[in-house]
Amino acid sequence: MAGRSMDRISDADSYRSPDARIPFLPRRFPSLFFYYRMLGIYWRSSKLAKAGRYGDREWAASSLEVLRGLEEIGVRVSVENLTVLEDLNTPCVFIGNHISNLETFVLPCVISPYMPVTFIVKELLIRYPVFRHVMISRDPIVVGRKDAREDLRTVLEGGQERLDRGISIIVFPQTTRTPVFQPESFNTIGVKLARRAGFPVVPIALKTDAWGIGRPLKDFGRIQTEIPVHFRFGDPMTVTGNGREEHERIVRFIQESLEEWSVERWP
C-alpha cells in the first residue's frame with residue numbers, strides 16, 4: 001500500500017521533532033498559542049468538509065498542521081517503526097491505548113500517506129459544532145456506547161465493509177481517555193474485528209499525556225511541553241483461534257513501551 005502521493009513525516013524508519021529555539025511567548029503560554037492555532041485549523045478544515053472538499057490529502061495536511069503547531073510551542077514528538085506501514089500490503093486494524101486528543105489529531109498525518117484510514121468514534125464526536133463536518137467526512141464507524149451488543153455489531157459489520165474497501169481502522173479499546181493504562185479496561189473489540197474480517201492487527205503504543213485532559217472542558221487540557229510524546233508501531237499479527245494470545249501480546253507491547261517512556265522529561 002506504499003506509494004500514496006502525500007508527504008510523509010519521514011522517509012526513514014522513525015521521526016523525531018527537530019531541535020528548535022522556541023520564542024518567549026509560546027514558551028511561556030504554550031496552551032494559549034496552540035489552541036489559538038487549533039481554532040484556525042478547525043475552521044478551515046470544517047469549511048472544506050462542509051463543501052465536500054475534505055479528502056484524505058486534506059485530512060493528512062491539517063493533521064500535519066496540528067503536529068507542527070505542537071512542535072512550535074516546544075512539544076517533542078517521536079514516531080517509531082514506520083517501516084511497519086511501509087511494508088504493509090493490506091488494510092489492517094490498528095489497536096492502541098487512548099490517552100488524549102493528541103493521537104486523534106496526529107495519527108492521520110502519520111498513517112494516511114501509506115493507506116486510507118478511519119476511526120471508530122463515539123456518536124458525540126459527530127455532533128460537535130464545527131468539527132462534526134470533518135469527522136463525518138472521514139466515514140468513521142460510529143458507536144453510541146449505550147448498548148454494548150449493538151456497538152459490537154456496528155463495529156464488526158462497518159469494519160468489515162471498510163476493510164474490504166481498503167480502508168484501515170483505528171481502534172481505541174478503552175472506554176475513555178486516560179493517562180494510566182489499565183489492561184482490564186482494554187477490551188477485545190479490535191481483535192474480534194480483525195479475526196472476523198480476516199485482516200491483520202497492528203498494535204500502537206502511545207504516550208501523549210503532554211496534551212492534558214481539561215476541567216471542565218475535557219478536550220482542552222493544558223499542553224505540557226516538558227513531556228515527550230511517543231508513537232510506536234508494533235509488528236502486524238494475524239489473529240488465530242479466539243484471539244486471546246494476540247490480545248495479550250498487544251497489551252504487553254503497550255505496557256512495556258509505556259514503562260520504557262515513563263521517566264522521560266524534555267529539559
Correct closest heavy-atom pair for Ser63 and Val106 would be OG-O, 3.2 Å
Worksheet item: Would Phe172 and Leu206 satisfy side chain to side chain contact (heavy atoms under 4.5 Å, CB included), going step by step from the backbone distance to the final call?
Response: CA-CA 11 Å; Phe172 299 128; Leu206 301 162; 3.9 Å; yes
Are Arg8 and Leu85 side-chain neighbours, meaning at least one heavy-atom pair lies under 4.5 Å? no
So CZ of Phe231 and CD of Glu80: to nearest 0.5 Å the spacing works out to 11.5 Å
Would you say the side chain of Ile223 lies within less than 4.5 Å of the side chain of Phe33, judging by non-hydrogen atoms? no
Tell me whether Asp13 at atom CG has more than 12 heavy atoms from other residues, nucleotides or ligands lying less than 6.0 Å away.
yes
On a heavy-atom basis, the closest approach of Pro173 and Asn187 is O-ND2, 2.7 Å
Exercise for the section: Any chance you could lay out the side chain to side chain contact (heavy atoms under 4.5 Å, CB included) test for Trp211 and Glu103, step after step, and finish with the verdict? Expected result: CA-CA 10 Å; Trp211 187 325; Glu103 56 262 28; over 6 Å; no
Decide yes or no for Ile111 and Phe233: does some side-chain heavy atom of the first lie under 4.5 Å from some side-chain heavy atom of the second?
-> yes
For Ser10 and Leu82 the tightest heavy-atom approach is CB-CD1, 4.0 Å
Requested in this report: Show your working on side chain to side chain contact (heavy atoms under 4.5 Å, CB included) between Gln224 and Asp209 and close with a plain yes or no.
Outcome: CA-CA 8 Å; Gln224 302 173 81; Asp209 49 333; 5.8 Å; no
*Do Arg196 side-chain atoms and Glu157 backbone N/O form a donor-acceptor pair below 3.5 Å?*
no
Separation between CZ (Phe220) and CD1 (Ile213), nearest 0.5 Å, reads 13.5 Å
So OG1 of Thr188 and CG of Leu193: to nearest 0.5 Å the spacing works out to 11.0 Å
query = Around Arg28, counting heavy atoms of other residues, nucleotides and ligands shown, do more than 12 lie under 6.0 Å from its CZ?
reply = no
What one should report as the nearest heavy-atom pair of Lys207 and Ser262 is CE-CA, 4.3 Å
Original post:
With a 4.0 Å cut-off, would you call Arg127 and Glu123 a salt bridge?
Top reply: yes
Self-check item: Exam field: side chain Ser46 to backbone Trp43, donor-acceptor pair closer than 3.5 Å
Solution: no
Practice problem: Side-chain contact test, heavy atoms from C-beta onward, threshold under 4.5 Å: evaluate it for Arg153 versus Arg149 and give yes or no. | Solution: no
> Is it true that Glu71 and Arg68 make a salt bridge, defined as a side-chain N closer than 4.0 Å to a carboxylate O?
Replying inline: yes
(Q) Is the ring pair Phe105/Phe131 parallel, tilted or perpendicular, if the boundaries are 30 and 60 degrees? (A) tilted
For Ala194 and Val239, the nearest pair of non-hydrogen atoms, with its separation, is CB-CG2, 3.9 Å
* Asked: Is it true that the side chains of Ser100 and Arg177 contain a donor and an acceptor less than 3.5 Å apart?
  -> no
* Between Trp261 and His230, what is the ring plane arrangement, given parallel below 30°, perpendicular above 60°, and tilted in between? -> parallel
**Prompt:** Going only through I, L, V, M, F, W and Y residues with side-chain contacts under 4.5 Å, is there a path from Ile22 to Leu70?
**Reply:** no
Value for CG (Leu67) from CD (Glu72), rounded to nearest 0.5 Å, stands at 9.5 Å
Consider only side-chain heavy atoms of I, L, V, M, F, W and Y, link residues closer than 4.5 Å, and tell whether Val75 and Leu39 are in one cluster.
-> no
Within 6.0 Å of CZ in Arg165, more than 12 heavy atoms from elsewhere: yes
| Looking at side-chain heavy atoms only, is the closest gap between Val117 and Pro108 below 4.5 Å? | no
Discussion item. With side chain to side chain contact (heavy atoms under 4.5 Å, CB included) as the criterion, how do Glu161 and Ile167 come out once you've worked through the C-alpha distance, each side chain's angles and the decisive distance to 0.1 Å?
Written reply: CA-CA 9 Å; Glu161 188 270 336; Ile167 301 172; over 6 Å; no
Q.
Would you say the ring centers of Phe181 and Phe186 fall short of 6.0 Å from each other?
A. yes
For Arg27, does the CZ atom sit with more than 12 other heavy atoms under 6.0 Å from it, leaving out its own atoms? yes
What one should report as the nearest heavy-atom pair of Thr118 and Arg162 is CG2-CD, 4.1 Å
| Does any N or O in the side chain of Thr154 come within less than 3.5 Å of the main-chain N or O of Glu150, such that one atom is a donor and the other an acceptor? | yes
query: Between Ser45 and Glu58, does any side-chain donor sit less than 3.5 Å from a side-chain acceptor?
result: no
Taken to the nearest 0.5 Å, the spacing of Phe34 CZ from Arg222 CZ works out to 14.5 Å
| field | Side-chain H-bond candidate by donor/acceptor type, Tyr114 with Ser168, under 3.5 Å | value | no
Worksheet item: Between Asp151 (side chain) and Gly144 (backbone), is there a donor-acceptor pair under 3.5 Å?
Response: yes
Heavy-atom neighbours of Tyr36 OH exceed 12 at 6.0 Å
no
inquiry  = When you compare the side chain of Met38 with that of Val66, does any pair of heavy atoms fall below 4.5 Å?
reply    = yes
We want to know whether Arg195 and Asn242 form a side-chain donor-acceptor pair, criterion being a heavy-atom distance below 3.5 angstrom. no
With Pro203 as partner, the option from Met237, Arg252, Arg232 fulfilling side-chain contact (heavy atoms from CB on, under 4.5 Å) is Met237
Here the gap from Lys192 atom NZ to His247 atom NE2, rounded to the nearest 0.5 Å, amounts to 9.5 Å
